[in-house]
Structures are given as C-alpha cells and as structure tokens.
Engineer: 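Below is one structure. I have some questions about it.
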2 protein chains.
Amino acid sequence: MPDHNTRFKDFLELRGFKLTRSRKLILDAAFELHEHFDAEKLHDSLKGLNVSLATVYRTLPLLLDAGLIQLAMRSEGRDRFEHILGHPRHVHWICENCKQVFETNLDELVPRIEVAAKAQKFEINHINISISGLCWKCRINANESQ
Amino acid sequence: MPDHNTRFKDFLELRGFKLTRSRKLILDAAFELHEHFDAEKLHDSLKGLNVSLATVYRTLPLLLDAGLIQLAMRSEGRDRFEHILGHPRHVHWICENCKQVFETNLDELVPRIEVAAKAQKFEINHINISISGLCWKCRINANESQ
DNA sequence: ATCCTTAATGAGAATCATTTGCAACCAGCT
DNA sequence: AGCTGGTTGCAAATGATTCTCATTAAGGAT
Ligand SMILES: [Mn+2]
Ligand SMILES: [Mn+2]
Ligand SMILES: [Zn+2]
Ligand SMILES: [Zn+2]
C-alpha cells in the first residue's frame with residue numbers, strides 16, 4: 001500500500017473518521033495527477049466512478065489537514081492544489097502574461113525562514129512562496145512589441 | 001499632494017483613464033487604512049460618500065496595476081489587500097488557530113530570490129511569502145489542552 | 001465657460017466556486 | 001447479521017466578485 005494511503009488511513013482513524021470508498025478514490029486520484037489541480041479537475045479524473053463534486057470538496061480539507069496535499073495557489077478564481085509526498089518543497093513562479101507556472105527548489109530559503117520562526121516562537125506548518133512577473137518568453141515578446 | 005496621489009494620477013493619465021471622484025476617494029481610503037483590508041472593508045470606510053461597492057471592485061485592479069496596493073493574502077474566502085508605499089516588503093505569518101497575522105522583514109530573503117530569478121530570466125513583479133502555522137500563544141494553549 | 005464624446009458610475013442582477021441541508025447509505029464495531 | 005453515527009449524492013443555498021445598463025461626469029475641444 002502506497003505511503004499516502006496508510007497515512008490517510010491513520011489520519012482518519014485518529015480523528016474518528018471513516019475510510020470510505022469515495023475518500024480512497026479521491027486520494028488516489030490526487031496522487032495520480034502530476035500537476036496542479038482544482039476541485040473540478042480532480043472530480044473530472046474520477047468520471048464514471050460516481051463520486052460527487054460535493055464529496056471532493058468535503059475531502060480536500062481532510063487531505064490538507066493530513067498533510068497529503070497543499071494549496072499551491074489561487075488562480076482564475078479557483079484554488080489549485082498539489083500532492084505533497086514525493087514532491088520536494090518548491091517556489092512557484094507565475095507568469096502574469098501566459099499564466100504558466102514554473103517551480104524552483106525552496107531548500108536554500110528554508111533555513112532563513114526557520115530562524116525567523118524561532119525568533120517569534122512560531123510553529124511552521126506550511127510555507128507558501130509565489131512570485132509573479134514575466135517569464136523569459138513573455139519578456140521577449142513584450143520588448144518586441146514596444 | 002501625497003506621493004500616492006500623484007502616482008495614481010500619472011498612472012491613469014498614461015493609460016488614458018480618468019481621475020474621478022470615486023477613484024480619488026478609494027485611493028485615499030486605501031492609504032488611510034493601516035491594516036489589511038478587503039473590498040468590503042474598504043467600501044465600509046467610505047460609508048456616506050456614495051461610492052458603490054462595484055466601483056471599489058473595479059478600482060482595486062487599477063491600484064494593483066499602478067503598484068499602489070498588493071494582494072496580501074486570501075483568507076476566509078476573501079482577497080485581502082494592503083497599500084504599498086511606505087510599507088516595506090514583508091513576510092506574512094498566519095496563525096491557523098487565532099487567524100492573527102504577523103509580519104517580519106523580507107529583505108534578507110530577496111537577494112536569494114533574485115539570483116533564482118536571474119537564472120531563469122524571470123522578471124519579478126511581486127513576491128508573496130506567507131507562512132501558516134501556530135503563533136506562540138496558540139502553541140501554548142495547544143500544549144495545555146493535550 | 002459651455003459643448004461633446006465617451007469612459008465611468010451606482011444599483012441591481014448575474015455568475016460561479018464552494019458550502020450546506022437532507023434522506024438514503026455504509027464503514028466499523030458488537 | 002444488526003446498530004449507529006458518520007458519509008454520500010443531489011439539489012438548493014451562499015456569497016464574493018463580475019456584469020448590465022441607464023445615467024452621470026471627466027476632460028479635451030470650441
Ligand atoms: Mn507546485
Ligand atoms: Mn502585510
Ligand atoms: Zn509567460
Ligand atoms: Zn494564534
């Protein structure tokens with residue numbers, strides 16, 4: 001059984017929640033998508049399995065609490081998530097023009113953040129760093145057309 | 001005339017937009033609020049001045065484009081903004097329990113981010129760093145009750 | 001200062017992601 | 001197999017944000 005499955009099982013047990021068919025399917029779908037996803041995309045990937053969109057919405061907070069997924073960003077009016085296990089922490093670079101999202105390693109920034117956390121006795125649960133601007137392709141186009 | 005006023009005027013002129021009564025009022029209100037605000041709070045601070053909420057929503061993107069305000073965070077389903085001029089860049093530490101927001105200086109992290117930006121030829125427009133977890137007060141309470 | 005053109009506004013309706021109510025269901029335990 | 005309280009699908013509700021449209025008012029021209 002994959003790591004994330006046992007982790008979800010343990011989490012639910014601890015909370016007194018039940019491991020249901022829908023929850024299993026949603027978790028697996030979240031780990032089969034190797035890109036950012038919103039509730040609807042996750043639901044689409046379960047087409048034909050009779051899992052309701054409402055249940056997807058209800059399960060997302062559980063996966064968040066369990067530390068299995070995280071909110072990657074909010075764009076175009078929707079929350080976009082990504083699964084965590086197996087994906088190292090990273091920075092999101094979002095091009096305001098073409099909306100593409102690039103990722104870079106976050107490790108080098110973490111020690112400095114942890115120092116700041118210690119200074120104020122803050123217990124870090126989740127670090128979100130997103131940087132918006134123009135990707136190199138869109139910079140070139142912007143220069144050409146000016 | 002305050003710095004932000006001339007800046008807004010110039011911005012609107014450059015874009016061929018008009019400097020209207022409502023826009024002036026909204027800008028001033030945004031700089032009189034010295035805390036994070038959402039559209040409704042900004043609108044409330046204009047109570048009695050006959051500025052519609054729709055116009056507040058329409059003006060927010062202008063202030064963003066003009067670099068006068070920035071999206072600080074999204075919480076409880078609403079976008080929260082803050083004015084920029086006079087406020088140095090900072091990290092947001094959000095307590096998941098009491099929802100309080102703390103701020104720390106961001107300058108030490110910026111050089112590293114800029115190196116990463118250069119490496120991928122990304123033009124930074126806005127850096128957003130928010131860290132969620134537990135503030136020191138809520139950590140104590142969490143320990144006591146366990 | 002008055003005209004003119006056209007963008008901007010207020011008010012309310014519309015949109016749409018997310019949440020919720022509820023009756024039927026089912027996971028976990030005896 | 002029988003209980004029981006959590007869970008689900010479905011549909012309706014919610015609420016932040018956007019849009020429509022008739023009316024108003026910037027601001028350049030006269
Ligand atoms: Mn990512
Ligand atoms: Mn702030
Ligand atoms: Zn781009
Ligand atoms: Zn707290």
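Lettering follows sequence order; numbering is per chain, from 1. Values reported hereafter were calculated over all heavy atoms of this structure, with side chains retained and with hydrogens, waters and symmetry mates removed. This one's a predicted model, so the numbers in the text were calculated from it and none came from an experiment.
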Engineer: Which distance, rounded to the nearest 0.5 Å, do you find between the CG of B:D10 and the CZ of B:R7?
Structural biologist: 9.5 Å

Engineer: Atom NE2 of B:H43 and atom P of C:dG12: how far apart are they, to the nearest Å?
Structural biologist: 12 Å

Engineer: When rounded to the nearest 0.5 angstrom, what distance separates OG1 in A:T59 from CG in A:L42?
Structural biologist: 8.5 Å

Engineer: Measure CG/A:L64 against P/C:dT18 and give the value in whole Å, please.
Structural biologist: 12 Å

Engineer: Using atom CD of A:E13 as one end and atom C1' of D:dG6 as the other, report the distance to the nearest whole Å.
Structural biologist: 15 Å

Engineer: Between the axis at one end of the helix from C:dA1-D:dT30 to C:dT30-D:dA1 and the axis at the other (five pairs apiece), what's the angle to 10 degrees?
Structural biologist: 40°

Engineer: Keeping the roles fixed (side chain from A:R112, backbone from B:L109), state whether a donor-acceptor pair exists under 3.5 Å.
Structural biologist: no

Engineer: Give me, pair by pair, the N or O atoms of the protein and of nucleotides 14-16 of chain D that are less than 3.5 Å apart, along with how far apart they are.
Structural biologist:
residue, atom, partner, partner atom, Å
D:dA16, OP1, B:R78, NH1, 2.6

Engineer: Should the pair B:H36 and B:H92 be assigned to parallel (<30°), tilted (30 to 60°) or perpendicular (>60°) ring geometry?
Structural biologist: perpendicular

Engineer: Between B:S52 and C:dT9, is there a contact of a side-chain N or O with OP1 or OP2 at under 4.0 Å?
Structural biologist: no

Engineer: Less than 3.5 Å apart, any donor N or O on the side chain of B:E32 or B:H83 sitting next to an acceptor on the other?
Structural biologist: no

Engineer: Near DNA chain C, counting only heavy atoms under 4.0 Å, which residues of residues 25-34 of chain B show up?
Structural biologist: none

Engineer: Shortest non-hydrogen contact from B:L64 to B:Q70?
Structural biologist: CD2-CA, 3.6 Å

Engineer: Atom CZ of A:R58 and atom CD1 of A:I26: how far apart are they, to the nearest 0.5 Å?
Structural biologist: 9.5 Å

Engineer: Scan nucleotides 22-30 of chain C nucleotide by nucleotide, 5' to 3', and note B when protein non-hydrogen atoms come under 4.0 Å of the base, S if they reach only the sugar-phosphate, - if neither.
Structural biologist: -----BS--

Engineer: Is the number of heavy atoms from other residues, nucleotides or ligands under 6.0 Å of A:K9 NZ greater than 12?
Structural biologist: no

Engineer: Kindly write out the residues that satisfy side chain to side chain contact (heavy atoms under 4.5 Å, CB included) with B:K121, not counting sequence neighbours, or none if the list is empty.
Structural biologist: A:W136, A:R139

Engineer: Output the rounded distance in Å from CG (A:L42) to P (C:dT18).
Structural biologist: 12 Å

Engineer: Describe the nucleic acid contact of B:D38 in one word from base, sugar-phosphate, nothing, applying a heavy-atom distance below 4.0 Å.
Structural biologist: nothing

Engineer: Output every pair passing side-chain hydrogen bond (donor to acceptor under 3.5 Å, both in side chains) with a member in residues 16-26 of chain B, not counting sequence neighbours, ordered by first then second residue.
Structural biologist: none

Engineer: Return the CD1 to CZ distance between A:I94 and B:F122, rounded to the nearest 0.5 Å.
Structural biologist: 8.0 Å

Engineer: At what distance, to the nearest 0.5 angstrom, does CG of A:L27 lie from CZ of A:F11?
Structural biologist: 11.5 Å

Engineer: Look at the side-chain N and O atoms of A:S22 and state whether any lies under 4.0 Å from the OP1 or OP2 oxygen of D:dG9.
Structural biologist: yes

Engineer: To the nearest 0.5 Å, how far apart are NE2 in A:H126 and CD1 in B:I131?
Structural biologist: 10.0 Å

